[in-house]
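I have placed the structure first, in the form of structure tokens, so that the comments after it can refer back to it.
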Amino acid sequence: MSSRPQNFKGMRDHLPAAMILRQHIIKTLTDVFERHGFEPLQTPIIEYARTLEGKIGDEEKLIYHFETAGGDKVALRYDQTVPLARVVAQYQGQLVFPWRRYAIGQSYRGERQQRGRYREFWQADVDIVGSASPIADAEIIAVLTEALQALGFSGFTTQLNHRQVLAGIARASGLDEAAASSVYRAIDKLDKIGPDGVHEELLKSGVAAEAAGRILAMVQMHGAPMDVLEELSEQLAGDERAQAALENLRTILGFLPELGVPANTYTVAPQLARGLSYYTGVVFESVLESPPMGSLLGGGRYDELVGAFAGRPIPTVGLAFGIERLHDLMEELGMGPAQRTIADVFITIFDRAGTAESLKLAQELRAAGLKVETALDSGDKLGKQFKYADQRGIPFALVLGPDELARGEVVVKNLRAGEQRSVARANIAAALRS
RNA sequence: GGGAUGUUCGUCCAGCGGCCAGGACACCUGACUGUGACACAGGCAACACCAGUUCGAUUCUGGUACAUCCCCCCA
């Protein structure tokens, strides 16, 4: 009784049909990123453990640690932001700032698997490093909006907030910084557990009933973004840092129309907290109304992390798309490319004598830019070859037998429609494209 | 890390103390020797693993592994 082979828990294999969708997602994102001038970056998935330690807060227990045979303490990267900070510090002299870069690859977190959460997951990160300009923040929001649209999503909402608005709400409720973190966690669950649930959690974390009521009132504000900002401004009057944050949000939002971000794709959401470990300014995430899938992406401004290795402040704003979630959602919603395979056409081999001509034809069509697969066994019957091509989902099969060779033609068979016709060899590529 | 539920041919499902463990789809093989699909006829193929209870376990109990989902946290 041999044990069945099995992939490691929480990690997935992606068979060709899934990979076609994933590559479509990655290509679409890459196109959008590059249209905005972002350059590609790739870093190893293994880092020295010390590089990752102390950077992401109390979730370090989720980092995969191990020791190499040579005694090096290493870790699988937890995200692509800390590696970015490392790269910035290491190659300062070779990079031109502000630096726009994107990185698409996998990260690892040792947590229990759940919907939309895996132990190995791909993210597409986009960041503008070395600029504190609100134009940079706005551009990141423009990129995210454009990318979701390019993928075919509609009805998504990007919720925006600012760390200092959150802090201001805590201050206005008489809470000190130490108490704040559990408060942020509680209010961030508003959408999930409702006002009553949040109220309960606030009380549980030691917030007075009156303060909890004020927090809830502020956090539940909704309406047109500029109106919400105005209301918050009144509620947080006298708090300079909060006022500056609100002004910053106003400025960022002001650039959005020109950057092509439709007003119905974003809201100001005072309850949005996100992973608080390193964000310092604007924070945001995009969600889909349904099906439920957590956030599709998340990000914000973090002005301290990147400079931590470099030893000088390097303000940065960026975000991470969750490729797994985009993938799962698009699969569920039937979005993305319809084809099951990448090949455009299958070329049969009629018999041993015709093998050379079939292979030659394949090269001609490949040179013309088509994706071509040939039969591999000159002894197989045509019927078997057709069946194979059909099972693979290849739309066309070509037959090059003695009759066709004599006439300088090729039979083009449409496997979906079941029709076939004879086409002059020179015109095949064109016939397949039409 | 804590918790809930689940695991039967490749896939989806049935069975439920004793069965040759059943079906559908998929797959393989047949007739057609320049043509797949449809139909037909055959065939391959499973009780996740380890203990326990029992005369007897796929079925009951416990554990393990894995999966789905929740908490935590996040993409």
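Worth knowing before you read on, the calculation uses all heavy atoms, side chains too, and leaves out hydrogens, waters and symmetry mates. Per chain, numbering begins at 1; letters A, B, ... match sequence-line order.
- Here A:Arg407 pairs with A:Glu409 in a salt bridge; the nearest charged N to carboxylate O distance falls below 4.0 Å.
- Nucleotides B:C69 and B:C49 place their C1' atoms 23 Å apart, quoted to the nearest Å.
- The side chain of A:Lys189 places an N or O atom within less than 4.0 Å of a non-bridging phosphate oxygen (OP1 or OP2) of B:C72.
- Residue-level contact check: A:Phe321 touches neither bases nor backbone, having no heavy atom under 4.0 Å from any strand.
- The side chain of A:Glu201 lies closest to B:C72, out of B:C72, B:U35, B:C74.
- For the residue pair A:Leu203 and A:Ala212, the shortest heavy atom distance occurs at CD2-CB, 4.3 Å.
- Look at the P atom in both B:G52 and B:A57: the space between them is 11 Å, to the nearest Å.
- Comparing B:C16 with B:U35, their C1' atoms sit 49 Å apart, to the nearest whole Å.
- The phosphate of B:C71 has OP1 or OP2 within less than 4.0 Å of a side-chain N or O from A:Lys192.
- With a cut-off of 3.5 Å on both pairing distances, the Watson-Crick or G-U wobble partner of B:U5 is B:A67.
- At the phosphate of B:A75, OP1 or OP2 sits under 4.0 Å from a side-chain N or O atom of A:Arg274.
- Between A:Leu400 and A:Arg112, it is A:Arg112 whose nearest contact on RNA chain B lies nearer the 5' terminus.
- For A:Gln113, the side-chain atoms get nearest to B:U68 when compared with the rest of B:A75, B:U68, B:C32.
- Between A:Tyr302 and A:Tyr279, the ring-plane angle classifies as perpendicular under the 30° and 60° cut-offs.
- Going from the P atom of B:C72 to that of B:C19 covers 49 Å, rounded to whole Å.
- Looking only at atom types and distance, the side chain of A:Glu373 has a donor-acceptor partner in the side chain of A:Tyr388 under 3.5 Å away.
- For A:Lys413 and B:G36, a side-chain-to-base donor-acceptor distance below 3.5 Å is present, hydrogens and geometry of angles not being considered.
- In this structure, B:U33 forms no base pair with any nucleotide, since neither Watson-Crick nor G-U wobble geometry is met with both distances under 3.5 Å.
- Residue contacts shown for A:Leu382 include a base, since a base heavy atom lies under 4.0 Å away.
- Heavy atoms of A:Arg115 sit under 4.0 angstrom from primed sugar atoms or phosphate atoms, though from no base atom.
- A:Gly299 comes within 4.0 angstrom of nothing in the nucleic acid, heavy atoms only.
- Side-chain polar atoms of A:Thr341 and A:Arg392 form a donor-acceptor pair below 3.5 angstrom.
- The pair A:Asp127-A:Arg101 meets the salt-bridge criterion, with a side-chain N (NZ, NE, NH1 or NH2) lying under 4.0 Å from an Asp/Glu carboxylate O.
- Residues A:Arg86 and A:Glu47 are paired through a salt bridge, judged by an N-O separation under 4.0 Å between the basic side chain and the carboxylate.
- In this structure, B:C16 forms no base pair with any nucleotide, since neither Watson-Crick nor G-U wobble geometry is met with both distances under 3.5 Å.
- Residue-to-nucleotide proximity on RNA chain B shows that, of A:Asp390 and A:Gly294, the 5′-proximal contact is made by A:Asp390.
- When the P atom is compared between B:C27 and B:C38, the two are found 9 Å apart, to the nearest whole Å.
- Here A:Lys9 reaches the OP1 or OP2 of B:C66: one of its side-chain N or O atoms lies under 4.0 Å away.
- Between B:G36 and A:Gln420, no contact under 4.0 Å exists linking OP1 or OP2 to a side-chain N or O.
- Counting distance only, with no hydrogens placed and no angle test, the side-chain atoms of A:Gln80 and the base atoms of B:A75 include no donor-acceptor pair under 3.5 Å.
- In this structure, B:C27 and B:G43 make a Watson-Crick or G-U wobble pair, each of the two defining distances being under 3.5 angstrom.
- Interface remark: the A:Gln385 side chain does not form any donor-acceptor pair with the B:G34 base, using a distance-only criterion of under 3.5 Å.
- Dashed line: the shortest gap from a side-chain N or O of A:Gln114 to OP1 or OP2 of B:C74 is not under 4.0 Å.
- Side-chain N/O atoms of A:Lys381 and base N/O atoms of B:U33 include no donor-acceptor pair closer than 3.5 Å.
- Across all strands shown, A:Gln106 has no heavy atoms under 4.0 Å from either base or sugar-phosphate atoms.
- As rounded to the nearest Å, B:G17 and B:C71 have P atoms that lie 37 Å from one another.
- A side-chain donor from one of A:Ser286 and A:Thr158 sits under 3.5 Å from a side-chain acceptor of the other.
- A:Tyr118 comes within 4.0 angstrom of a nucleotide base, judged by non-hydrogen atoms across all strands.
- An OP1 or OP2 oxygen of B:C28 is reached within less than 4.0 angstrom by no side-chain nitrogen or oxygen of A:Lys384.
- Taking atom P in both B:U8 and B:U59, the straight-line distance is 13 Å, to the nearest Å.
- When heavy atoms are screened at a 4.0 angstrom cut-off, A:Asp79 is found touching no nucleic acid atom at all.
- Residue contacts for A:Leu296: at a heavy-atom cut-off of 4.0 Å it reaches the sugar-phosphate backbone alone, with no base atom in range.
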